[in-house]
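Reading through the structure tokens given below for one structure.
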Amino acid sequence: KRELITNGDFSQGLAHWFPVAQTYFIPWHIDNLYLELLIERGLLGLTLFGSLVVFAFTRLFAASAQGVQMAPYLAASMGGALLVGLTGSVMDVPRVAFLLFLVTFFAIRVAGNPMSTVSDVRA
């Protein structure tokens with residue numbers, strides 16, 4: 001039997017493996033937010049994320065109809081991040097992932113109080 005992969009059984013430690021994954025990670029990189037959520041967190045994680053986003057958008061659209069001035073901007077921010085998620089990895093950068101969840105929960109909070117302003121949310 002001829003071994004096709006050099007050090008495929010790791011008998012020589014990480015020889016022939018570590019440098020490849022460190023400098024050329026493109027083949028193993030997932031550039032889709034939704035596929036990444038499905039693979040890394042499973043169907044439950046993707047469903048929960050989708051439910052959170054749908055809930056936030058539902059609240060924002062209702063708040064926009066009630067005249068909350070910040071609602072369209074928050075919806076546009078979330079929509080932009082989710083659109084970038086179709087062709088890019090949003091969760092690979094912790095700051096960007098945190099910002100997406102922060103904006104989502106902030107949108108739910110603002111939309112939950114129709115009379116809210118920026119100063120009310122800070123309190």
Side-chain angles (χ1 to χ4, degrees):
K1 175 180 167 185
R2 182 174 164 239
E3 184 68 36
L4 298 177
I5 300 175
T6 304
N7 193 20
D9 59 354
F10 294 99
S11 60
Q12 299 170 354
L14 291 176
H16 303 287
W17 286 94
F18 186 65
V20 172
Q22 188 178 26
T23 59
Y24 185 63
F25 64 92
I26 299 299
W28 298 279
H29 190 71
I30 301 171
D31 278 331
N32 186 306
L33 168 66
Y34 311 101
L35 183 60
E36 181 180 6
L37 285 171
L38 179 63
I39 291 172
E40 291 183 359
R41 290 162 181 85
L43 188 58
L44 180 64
L46 179 62
T47 304
L48 289 174
F49 179 77
S51 299
L52 177 70
V53 168
V54 167
F55 179 65
F57 274 119
T58 303
R59 299 277 298 257
L60 283 173
F61 290 140
S64 180
Q66 294 175 357
V68 176
Q69 294 178 350
M70 199 181 309
Y73 301 108
L74 290 170
S77 299
M78 287 177 49
L82 296 172
L83 190 62
V84 167
L86 289 173
T87 59
S89 183
V90 178
M91 297 296 177
D92 275 353
V93 183
R95 284 180 264 184
V96 176
F98 174 75
L99 188 60
L100 174 61
F101 283 110
L102 180 69
V103 168
T104 303
F105 287 114
F106 183 73
I108 292 170
R109 170 75 170 101
V110 167
N113 185 2
M115 300 304 290
S116 65
T117 62
V118 174
S119 61
D120 291 340
V121 174
R122 281 190 224 151

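Quick note: residue numbers are just sequence positions, from 1. Since the structure is predicted, the reported quantities are computational estimates derived from the model, not experimental observations.
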Calculate, to the nearest 0.5 Å, the distance between atoms OG1 and CG belonging to T47 and L38 respectively.
8.5 Å
Which heavy-atom pair separates Y34 from L82 by the least distance, and what is that distance?
OH-O, 2.9 Å
Does Y73 offer a backbone N or O that forms a donor-acceptor pair with the side chain of S77 under 3.5 Å?
yes
Taking the side chain as everything from C-beta on, heavy atoms only, tell me whether T58 gets closer than 4.5 Å to V54.
yes
Hey, what do you get for CG (D92) to CG (D31), rounding to the nearest 0.5 Å?
8.0 Å
E36 side chain near V90 side chain, heavy-atom distance below 4.5 Å
no
Atom pairs and distances, side-chain donor-acceptor, residues 100-108, under 3.5 Å, sequence neighbours left out:
unit_1 : atom_1 : unit_2 : atom_2 : d
T104   : OG1    : L100   : O      : 2.7

With the 4.5 Å side-chain cut-off for hydrophobic clustering, are L43 and V53 part of the same group?
yes
Just verifying a value: how many Å separate L33 CG and L35 CG, rounded to the nearest 0.5 Å?
9.5 Å
Is the shortest side-chain heavy-atom distance between R41 and L48 below 4.5 Å?
no
Mind listing the closest non-hydrogen atom pair of P72 and S64 along with its distance?
CG-OG, 3.9 Å
Once you round to the nearest 0.5 Å, how far does CD1 of I30 lie from CE of M91?
12.5 Å
Note, T87 side chain near N32 side chain (heavy atom, < 4.5 Å)
no
